[in-house]
Amino acid sequence: MTLLECIKGPEDLKGLSQDQLTRLAGEIRDLLIETTTRTGGHLGPNLGVVELTIAIHRVFDSPRDKIVFDTGHQAYVHKLLTGRVAEFGTLRQRGGLTGYPSRAESEHDLVENSHASTSLSYADGLAKAYKLRGEPDRTVVAVIGDGALTGGMAWEALNNIAAAKDSRLVMIVNDNGWSYQPTIGGLAEHLAAIRVNPRYEHVLDYIKTTLPRTPLVGPPLYGTLHRVKKGIKDVIQPQVMFEDLGLKYVGPIDGHDERLVEHALQRARDFGGPVLLHVITKKGFGYPEAEQNEVDCLHQVPAAGALPGTWSRVFGDEMVAIGARRPDVVAITAAMLHPTGLAQFAAAYPDRVYDVGIAEQHAVTSAAGLAMAGLHPVVAVYSTFLNRAFDQTLMDVALHQLPVTLVLDRAGVTGPDGASHHGMWDGSIMQLVPGMKIAAPRDATRVAELLNEAVEVSDGPTVVRFPKGKVGGEVEAVAKLGGMDVLAEPAGGLGPDVLLAGAGVMALTGLEIAGRLAGHGIGVTVVDPRWTKPVDAALAGAARQHRLVVTVEDNGRVGGFGDAVARLLRDHDVDVPVKTFGLPQEFLSHGTRDQVLDEVGLTPQHLARQITEAVARRTPGDVRETATAGTEGQPVE
Ligand SMILES: Cc1ncc(C[n+]2csc(CCOP(=O)(O)OP(=O)(O)O)c2C)c(N)n1
């Protein structure tokens with residue numbers, strides 16, 4: 001039995017010797033590597049926080065003390081130390097452990113949102129609440145990376161925490177110099193300066209020993225310098241920035257020296273007010289393959305970079321082509337250059353790409369500024385993270401009718417990252433934005449086509465949304481309907497029973513459904529709207545020719561494309577019934593994309609059955625009889 005297998009909870013850590021802790025750290029690293037290689041997951045960040053997490057659990061008393069992991073991708077070690085070693089092999093698998101803290105999994109897990117830069121705000125609230133409730137012996141610990149610290153929320157929180165002088169709050173800045181890529185920006189430069197500069201004490205030593213020996217100017221100069229020690233500190237030790245905010249700063253300390261970290265945490269815990277502990281770690285520590293990985297220190301396995309054949313890569317390649325033709329097109333990423341597919345664009349046009357840090361709100365308003373000055377910015381973010389920048393899209397971009405294109409990767413069900421990562425909100429919140437146009441390509445050709453159309457729009461914002469993973473086969477239109485593509489029409493003597501509009505890749509699902517329904521004697525016209533906002537008015541005319549309209553989208557059902565179609569039909573007094581299929585408006589858990597789609601019934605098989613039933617309900621007699629044979633040989637009612 002390994003030492004790690006004996007750890008059933010944080011209390012089991014407390015009696016271990018330093019040698020045992022070193023052994024434990026090794027066992028944890030082995031298990032992290034072995035598991036994530038099989039299940040995928042965040043390897044580099046977790047390898048970097050092994051000693052830090054051990055120290056946290058030895059010093060603090062979880063769950064009485066609260067530990068908030070910012071983003072939560074680095075909480076695997078915490079999972080292992082809080083009784084989940086046996087289940088760790090199920091990481092990110094359907095029904096298994098989640099890839100982030102999970103309140104359902106453990107009383108030691110608190111925050112599971114996984115959107116970055118929130119930990120300090122949660123911690124601020126928790127610490128204030130414990131004070132007000134008369135529980136002053138509880139400490140709140142927030143672990144935040146230097147990447148997450150580039151997000152605006154973190155700074156709003158720091159501003160408030162600094163004013164809450166008696167909050168028992170320990171903020172651990174886990175500084176490894178990396179987000180996905182090296183962390184950028186002014187703050188990152190400050191932190192880097194702390195990491196690489198000689199400690200200011202050494203400089204003072206030098207001044208003390210060298211200058212007094214210099215005749216005439218020596219002693220007076222030393223005195224002056226001594227008086228301006230704080231000034232020197234400013235130059236050499238930029239943590240003064242935190243101290244000037246009114247925060248007690250401790251560090252920088254070596255985050256891989258468990259004893260040192262423990263000692264610093266004890267001091268921070270006993271201080272009785274907010275303390276910022278600056279810990280320097282190495283992403284991927286202890287695994288050369290990760291430490292030396294130039295792209296992202298194996299931030300994630302398999303790599304989140306835009307591999308050939310993925311939607312991200314198709315987008316990235318087209319951006320390079322557009323960039324050559326359109327010098328006014330610039331790109332923005334929020335700390336995700338490689339995962340969003342912008343790496344090639346950055347290589348081709350290094351002056352025309354901006355990595356703004358994990359700062360989606362800033363990304364969008366900065367794009368508004370770029371657009372106001374005559375450029376056409378393309379902001380490439382994961383769909384789920386656009387939620388952060390809704391108001392910026394609405395008021396800063398759309399109100400000013402600015403030509404900004406938002407490219408939303410990972411739209412729809414994403415898979416193993418779970419509830420916080422499914423891109424199932426954008427299709428609804430973007431429907432609310434006046435003047436917004438939303439494109440949903442069904443295949444690679446349409447990515448290129450629609451992206452080009454989007455950057456041609458000069459009087460308002462556009463969205464291009466596509467899913468995670470590999471692009472499927474190409475599907476050519478058989479006809480046009482207004483600006484939409486008709487992918488299939490009823491054949492074999494079948495009449496126009498169902499008009500099915502599938503948004504993006506769901507148009508391909510629509511084709512499969514049409515095939516199944518044809519077997520039941522139901523004729524289907526399959527349409528790819530290409531643009532899901534505004535809905536093409538030609539759809540109203542086509543609806544009149546059918547007995548049922550069906551929409552399918554890989555987005556929450558509420559307020560998405562389907563609702564927009566239903567509204568269009570109402571507005572045009574079209575009486576044909578509409579069925580809108582999409583994701584249930586719930587927080588969907590993790591699993592593969594196919595597993596999740598199957599569970600929510602967004603597969604050709606489930607949908608065909610439901611549509612067959614709907615048609616049958618409206619056509620007692622002929623169709624129902626055929627339909628009851630069932631798509632899968634099962635009765636449908
Ligand atoms: C709002 C938001 N944008 C983007 C991401 C994607 N993301 C996940 S981890 C990460 C980098 C985090 O860097 P850091 O906080 O320094 O932690 P490290 O991985 O280096 O330990 C990013 C950009 C996110 N989780 N949330």
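Whatever order the structure lists ligands and atoms in, that order sets their numbers, starting from 1. No experiment lies behind these values; they were computed from the predicted model shown.
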Problem set entry | Region of His42 engaging ligand 1 - heavy atom pairs below 4.0 Å | neither
Problem set entry | Heavy atom of the protein closest to atom 7 (N) of ligand 1 (residue, atom name, distance) | Tyr180 CE1, 3.6 Å
For this session: Can you pull out the closest protein heavy atom to atom 24 (C) of ligand 1? Residue, atom name and distance to 0.1 Å, please.
Result: Phe385 CZ, 3.2 Å
Problem set entry | Nearest-option assignment for atom 26 (N) of ligand 1, heavy atoms, candidates Gly48, Ala389, Ala116 | Ala116
Problem set entry | Protein contact of atom 20 (O) of ligand 1 - nearest heavy atom, named by residue and atom, plus distance | Trp178 O, 2.7 Å
Exercise. Among protein heavy atoms, which lies nearest atom 3 (N) of ligand 1, and at what distance?
Worked result: Glu360 OE2, 2.6 Å
For this session: Work out which heavy atom in Ser589 is nearest to a heavy atom in Val596; give both atom names and the distance.
Result: O-CG2, 3.8 Å
Seminar exercise, completed: protein heavy-atom neighbour closest to atom 21 (O) of ligand 1 works out as Asn176 ND2, 3.3 Å
Exercise. Do any nitrogen or oxygen atoms of Thr71 lie less than 3.5 angstrom from nitrogen or oxygen atoms of ligand 1?
Worked result: no
Problem set entry | Nearest neighbour of atom 12 (C) of ligand 1 from the list Val49, Thr333, Ile358, on a heavy-atom basis | Ile358
For this session: Rounded to the nearest 0.5 Å, what's the gap from CD1 on Ile54 to CD1 on Ile7? Could you check?
Result: 8.5 Å
Exercise. Relative to each other, are the rings of His421 and Tyr100 parallel, tilted or perpendicular (30° and 60° limits)?
Worked result: parallel
Exercise. Hey, what's the ring geometry for Phe242 with Trp155, parallel, tilted or perpendicular (30° and 60° as the breaks)?
Worked result: parallel
Exercise. Does His115, backbone or side chain, put an N or O under 3.5 Å from an N or O of ligand 1?
Worked result: no
Exercise. Got a second to check how far Asn46's CG is from Leu32's CG, nearest 0.5 Å?
Worked result: 5.5 Å
Exercise. Hey, what's the ring geometry for Phe466 with Trp311, parallel, tilted or perpendicular (30° and 60° as the breaks)?
Worked result: parallel
Problem set entry | Neighbour count above 12 (heavy atom, 6.0 Å) for Arg38 CZ | yes
For this session: For residues His422 and Tyr382, establish whether the separation of their ring centroids is below 6.0 Å.
Result: no
Exercise. What's the shortest distance from atom 13 (O) of ligand 1 to any protein heavy atom, and which residue and atom give it?
Worked result: Ser179 CA, 3.3 Å
Seminar exercise, completed: Minimal heavy-atom distance between Thr98 and Glu105, with the atoms involved, is N-OE2, 2.6 Å
For this session: Work out whether the distance between some heavy atom of Asp146 and some atom of ligand 1 is less than 4.0 Å.
Result: yes
For this session: Can you sort out which atoms of ligand 1 are near Gly145, meaning under 4.0 Å from one of its heavy atoms?
Result: 14 (P), 15 (O), 16 (O)
Problem set entry | Protein heavy-atom partner closest to atom 15 (O) of ligand 1 - residue, atom, separation in Å | Ala148 N, 2.9 Å
Exercise. N/O of Gly147 under 3.5 Å from N/O of ligand 1, yes or no?
Worked result: yes
Exercise. Do any nitrogen or oxygen atoms of His73 come within less than 3.5 Å of a nitrogen or oxygen of ligand 1?
Worked result: yes
Exercise. Does ligand 1 have an atom under 4.0 Å from some heavy atom of Gln74?
Worked result: no
For this session: Begin with the C-alpha distance, continue with both residues' side-chain angles, and end with the deciding distance and a verdict on side-chain hydrogen bond (donor to acceptor under 3.5 Å, both in side chains) for Asp409 and Thr340.
Result: CA-CA 7 Å; Asp409 199 331; Thr340 56; over 6 Å; no
Problem set entry | For ligand 1, the portion of Ser114 having any non-hydrogen atom under 4.0 Å away | backbone
Problem set entry | For His299, the ligand 1 atoms whose distance to one of its heavy atoms is below 4.0 Å | 9 (S), 10 (C), 11 (C), 19 (O)
Exercise. Between His299 and His73, is the ring centre distance below 6.0 Å?
Worked result: yes
For this session: Using a strict 4.0 Å cut-off to heavy atoms of Pro45, name the atoms of ligand 1 that fall inside it.
Result: 19 (O), 21 (O)
Exercise. Applying the salt bridge (charged side-chain N to carboxylate O under 4.0 Å, His left out) test to Arg29, which of Glu289, Glu51, Glu291, Glu34 qualifies?
Worked result: Glu51
